[in-house]
Amino acid sequence: MDELNDQIEQRIKKLDRLRSLGIDPFGGKFNVKDSAPDVIARYTQATKEALASTPVLVTLAGRVTALRRFGKAAFASIQDGPASIQVYLKKDVLGEPGFALAELLDIADWIGVSGPLFRTKTNELTIEVQQLTLLCKALRPLPEKWHGLTDIEMRYRHRYVDLIANPEVKNIFLLRSRIIQTIRAFLAARGFLEVETPMMQPIPGGATARPFVTHHNSLGIDLYLRVAPELYLKRLIVGGLNRVFEINRNFRNEGISTIHNPEFTMLEFYMAYADYHDLIELTEELITALVKEVHGQGTEAIPYRPSLTDDRTLTISFTRPWKRMTYRDAVREHLGAKPQEITDPAFALAQAKQHHCELKGGESYWQLLSLLFEELVEPTLINPTFITDFPVELSPLAKRNAADPELTDRFELFIAGREIANAFSELNDPLDQRKRFEAQVAERAKGDLEAQHLDEDFLRALEHGMPPTAGEGIGIDRLVMLLTNQPSIRDVILFPQLRPEK
RNA sequence: GAGCCGCUAGCUCAGUAGGUAGAGCAUCGCCCUUUUAAGGCGAGGGCCCUGGGUUCGAGUCCCAGGCGGCUCACCA
């Protein structure tokens with residue numbers, strides 16, 4: 001043990017005292033018959049008199065989170081899952097040996113109790129413990145009861161303590177789990193098959209991002225942690241799995257911030273015979289279902305506070321249908337420009353300069369528009385908005401628009417000024433796909449480390465024929481942030497990436 | 001990567017002007033059989049993030065570093 005403070009020392013001493021009483025401080029199986037949440041739910045209405053006349057015996061277990069001693073009796077709160085219940089430890093009832101154990105209890109210990117329910121003078125539902133079992137002695141104390149654990153670094157590094165001390169933290173992760181379960185059920189109900197594709201890929205593809213590199217010893221090759229599952233999921237569509245989805249981690253070797261963790265959870269799903277219009281409908285339905293799952297069935301709007309330092313809270317309305325706008329029109333509207341102006345590259349350049357976009361020189365028309373979009377439009381997209389018709393230049397895997405070959409059949413969904421979903425009709429022309437890869441390879445050669453690689457096997461798969469397919473990706477962490485009103489991604493990831501302790 | 005802020009007991013925090021390091025909770029001892037931030041009396045507990053410097057003297061001032069947070073930039 002690295003540090004031996006008096007708190008730990010005292011608890012270690014108690015191990016011997018327990019053993020001399022014949023008690024194993026790190027006991028074995030305990031036959032749990034009830035749970036605190038369940039008992040509280042079932043007997044919340046039971047009166048003092050009812051409990052006295054028809055005794056209800058319960059047996060449950062949990063962690064001691066508070067202890068109030070009175071010499072020959074004590075009250076303890078024990079935490080069992082999402083609920084906490086009070087137990088009463090009384091010498092008369094427990095007897096000598098049982099009470100000797102009670103006297104050696106500390107906050108943080110795990111105990112099993114059984115006995116009848118009763119109500120105290122203050123009417124609190126309480127277990128009068130007849131049988132007390134030590135399940136596990138804790139050697140470290142819990143944080144202070146009133147403030148809990150507030151040091152942010154400690155909360156992330158010692159998440160196990162955070163989860164014990166801060167009930168609202170536990171609740172976020174319960175919600176996260178429910179959100180993911182709801183997504184699974186939603187997709188399964190529509191005939192989507194959940195699959196798992198490689199996390200370690202010889203060629204990282206499916207997104208423009210810098211990958212992590214690792215090495216396989218016996219193969220003697222470098223492998224990349226995936227930046228996206230996209231190219232593998234589309235191979236499955238080629239293989240005839242018409243509707244597939246994957247919820248799993250992506251890894252991107254980029255900065256860390258309140259909205260970026262090096263590994264993050266992504267939902268991607270692909271639907272044969274559909275196009276991006278179908279996914280707009282599906283996305284509205286899915287996210288509406290999630291809003292209702294988290295906030296209640298009647299919910300039309302939710303609050304969201306995007307920044308820790310700014311106490312401004314947004315109200316986001318999910319009333320359908322959500323706004324739809326083309327990429328170019330969104331920029332045009334914000335500039336108050338005329339249709340003939342917005343297509344003019346010189347106009348775009350002038351506007352980019354005027355709005356202080358960071359220009360490296362030599363930007364294409366669509367790159368300029370992209371800068372203007374990010375600078376001007378994105379932050380204003382508070383209520384859910386589908387932005388459609390992205391330029392082909394910025395969409396190397398999306399199908400060309402039939403009417404305008406410069407554009408693709410693609411949308412991104414923005415909520416609270418952030419991209420929540422990205423979807424398109426998938427490019428299934430292997431010859432066009434090859435050209436797009438080649439353009440990306442040329443970008444790489446020019447030094448763009450995020451540009452994509454040419455994946456010969458993926459092209460071969462497309463050459464076997466991929467039916468018209470629509471595909472979408474939704475970043476789960478940011479979605480959970482939005483639905484649970486958390487300004488930092490670290491508050492929706494159990495173990496966010498931190499520098500190691502010294 | 002840059003700027004700003006933080007780091008003191010197990011936890012939450014004070015620490016005046018540079019002069020022997022404090023409180024509450026927790027811990028230990030005593031009292032206490034319906035408390036719920038229980039109460040009363042008493043006690044112990046410190047690498048003040050690390051390393052330099054200034055000074056008779058540094059938790060405090062200066063420099064460098066570590067870790068964290070936020071903001072900005074890139075990405076989802």
Side-chain angles (χ1 to χ4, degrees), chain A residues 3-11 13-14 48 65-77 84-94 99 102 106-108 118-126 128 138-158 161 164-165 206-211 227-228 250-268 307-310 358 371 374-375 378 412-414 418-422 448-450 473-479 481 487-490 496 498-502:
Chain A
E3 78 251 54
L4 249 190
N5 62 59
D6 73 317
Q7 312 247 350
I8 293 175
E9 234 171 291
Q10 289 296 342
R11 286 167 184 244
K13 278 186 200 152
K14 285 180 187 172
K48 182 180 280 193
T65 55
L67 259 175
R68 295 174 288 278
R69 299 181 194 275
F70 297 88
K72 297 187 183 64
F75 285 95
S77 304
S84 215
I85 193 164
Q86 180 169 263
V87 303
Y88 187 40
L89 304 162
K90 197 169 150 186
K91 194 167 186 180
D92 292 356
V93 178
L94 282 167
F99 198 71
D106 283 303
I107 288 170
F118 74 106
R119 283 193 186 275
T120 62
K121 276 180 186 165
T122 51
N123 216 34
E124 175 156 352
L125 190 65
T126 303
E128 186 182 75
L139 298 185
R140 290 179 185 267
L142 285 178
E144 191 225 12
K145 60 190 161 194
W146 195 239
H147 301 91
L149 186 68
T150 62
D151 184 282
I152 292 181
E153 181 174 357
M154 301 269 264
R155 286 190 41 230
Y156 297 149
R157 287 198 198 278
H158 306 166
V161 180
I164 300 163
T208 48
R210 294 185 65 175
V227 295
N250 288 348
F251 306 85
R252 299 192 184 171
N253 207 340
E254 288 157 1
I256 295 179
S257 77
T258 44
I259 50 170
H260 297 92
N261 195 60
E263 55 180 304
F264 61 100
T265 301
M266 191 78 171
L267 160 68
E268 284 202 14
S307 162
L308 280 167
T309 44
D310 182 352
E358 243 180 76
L371 291 171
E374 282 161 24
E375 183 74 22
E378 241 183 73
E412 285 188 356
L413 170 65
F414 290 87
R418 289 186 194 144
E419 182 192 328
I420 292 293
N422 177 20
D448 182 354
L449 293 170
E450 291 182 358
I474 298 179
I476 296 298
D477 311 281
R478 289 190 186 172
L479 183 64
M481 286 168 70
S488 172
I489 201 168
R490 297 184 195 97
L498 299 177
R499 268 198 182 78
E501 295 176 90
K502 284 175 268 193

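Note that the structure is a prediction, hence the values are computed from the model and not measured. Chain letters run A, B, ... following the sequence lines, proteins first, then strands; residues in each count from 1.
One finds a side-chain N or O of A:Arg157 lying less than 4.0 angstrom from the OP1 or OP2 phosphate oxygen of B:rG68. In this structure, A:Arg68 reaches the B:rA38 phosphate: one of its side-chain N or O atoms is under 4.0 Å from OP1 or OP2. For A:Arg140, no side-chain nitrogen or oxygen approaches OP1 or OP2 of B:rG10 to under 4.0 Å. For A:Arg69 and B:rA38, the shortest distance from a side-chain N or O to OP1 or OP2 is not below 4.0 Å. Considering only side-chain N and O atoms, A:Ser77 lies nowhere under 4.0 angstrom from the phosphate OP1 or OP2 of B:rU35.
In this structure, of B:rA73, B:rU33, B:rC70, it is B:rC70 that holds the atom nearest to the side chain of A:Arg490. Comparing B:rG69, B:rU27, B:rU71 by their nearest atom to the side chain of A:Tyr156 picks out B:rG69. Listed candidates were B:rU35, B:rU33, B:rU27. Nearest to the side chain of A:Ala73 is B:rU33. Considering only the side chain of A:Lys14, B:rC28 comes nearest among B:rC28, B:rG68, B:rC11. Comparing B:rC74, B:rA37, B:rG45 against the side chain of A:Glu450 picks out B:rC74 as the nearest.
Heavy atoms of A:Gly473 sit nowhere under 4.0 angstrom from any nucleic acid atom. Within the nucleic acid shown, A:Glu124 comes within 4.0 Å of at least one base atom, counting heavy atoms only. At the heavy-atom level, A:Arg252 lies under 4.0 Å from base atoms of the strands shown. Among the atoms of the strands shown, base atoms are found under 4.0 Å from some heavy atom of A:Asn261.
Judged by Watson-Crick or G-U wobble contacts below 3.5 Å, the nucleotide B:rC70 has B:rG3 as its partner.
With hydrogens and angles ignored, a donor-acceptor pair under 3.5 angstrom links the side chain of A:Gln86 to the base of B:rU35. Between the side chain of A:Glu144 and the base of B:rA26, no donor-acceptor pair of N or O atoms lies under 3.5 Å. Between the base of B:rU35 and the side chain of A:Thr120 there is a donor-acceptor pair shorter than 3.5 Å. For B:rG45, the base has no donor-acceptor partner in the side chain of A:Asn5 [N/O atoms by modelled type, under 3.5 angstrom].
When rounded to the nearest whole Å, the span between CG of A:Asp151 and P of B:rA9 equals 11 Å. Between A:Leu142 atom CG and B:rA37 atom P there is a gap of 17 Å when expressed in whole angstrom units.
Toward the 5′ end of RNA chain B lies the nearest nucleotide of A:Glu153, the other residue of the pair A:Asn422 and A:Glu153 mapping further downstream.
Here the separation of B:rU50 from B:rA43, taken at their C1' atoms, is 33 Å to the nearest Å.
The aromatic rings of A:Phe75 and A:Phe70 lie perpendicular to each other, with more than 60° between the two planes, well past the 30° mark.
By the stacking rule of 5.5 Å between ring centres and under 30° between planes, A:Phe70 does not stack on the base of B:rU33.
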